[in-house]
Amino acid sequence: GRKTCAIATTIEVDGKSMEATITDMSQFGIGVDGCPGLRTGDGVVITTSRDHTLDGHVVWSVDESAGIRFSSGIAPGCKVSDYLGTEAGE
């Protein structure tokens, strides 16, 4: 299921980076806020506080919020917090 959080991240789209906040997450994707201009279908690279990068694409976008589905889910046996940092909880 989805977990609510507030984690700073960097999102790269079309070679441009922007700071954003991850507002919720699951094994398959994240919700973000603070991302004006993202469009459904945009390919993105998310860089986490642990310097992991995750590829994904925008599945919905409203104002400065968006939903991003990972290109491949988090590896079986791993927790989302392994990728996003301890502030993500368990």
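Start at 1 with the first residue, then count along the sequence.
In this structure, the separation between CD1 on I11 and CD1 on I22 is 7.0 Å, given to the nearest 0.5 Å. Distance check, rounded to the nearest 0.5 Å: NZ of K3 to CD1 of I30 gives 15.0 Å. Between atom CG of residue D33 and atom OG1 of residue T9 there is a gap of 13.0 Å, rounded to the nearest 0.5 Å. Atom CD1 in I68 sits 11.0 Å away from atom CG in D55 (nearest 0.5 Å). Taking OG of S71 as the reference point, atom CG of L54 lies at 9.0 Å (rounded to 0.5 Å).
Tracing side-chain contacts under 4.5 Å through hydrophobic residues (I, L, V, M, F, W, Y), one never reaches L38 starting from V62; they form parts of separate clusters.
Summarising the geometry of C5 relative to M25, their closest heavy-atom pair is SG-CE, 3.9 Å, with the distance given to 0.1 Å. Closest approach of R2 and S26 over heavy atoms only: NH1-N, 3.8 Å.
A side-chain donor-acceptor contact under 3.5 Å links T23 to the backbone of G31.
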Using the rule given for side-chain contact (heavy atoms from CB on, under 4.5 Å), can you reason through E19 versus T10, listing the C-alpha separation, both sets of side-chain angles and the distance that settles it, and then say yes or no?
CA-CA 5 Å; E19 298 299 314; T10 302; 3.3 Å; yes
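Side-chain contact between M18 and V13 is present, with at least one heavy-atom pair separated by less than 4.5 Å.
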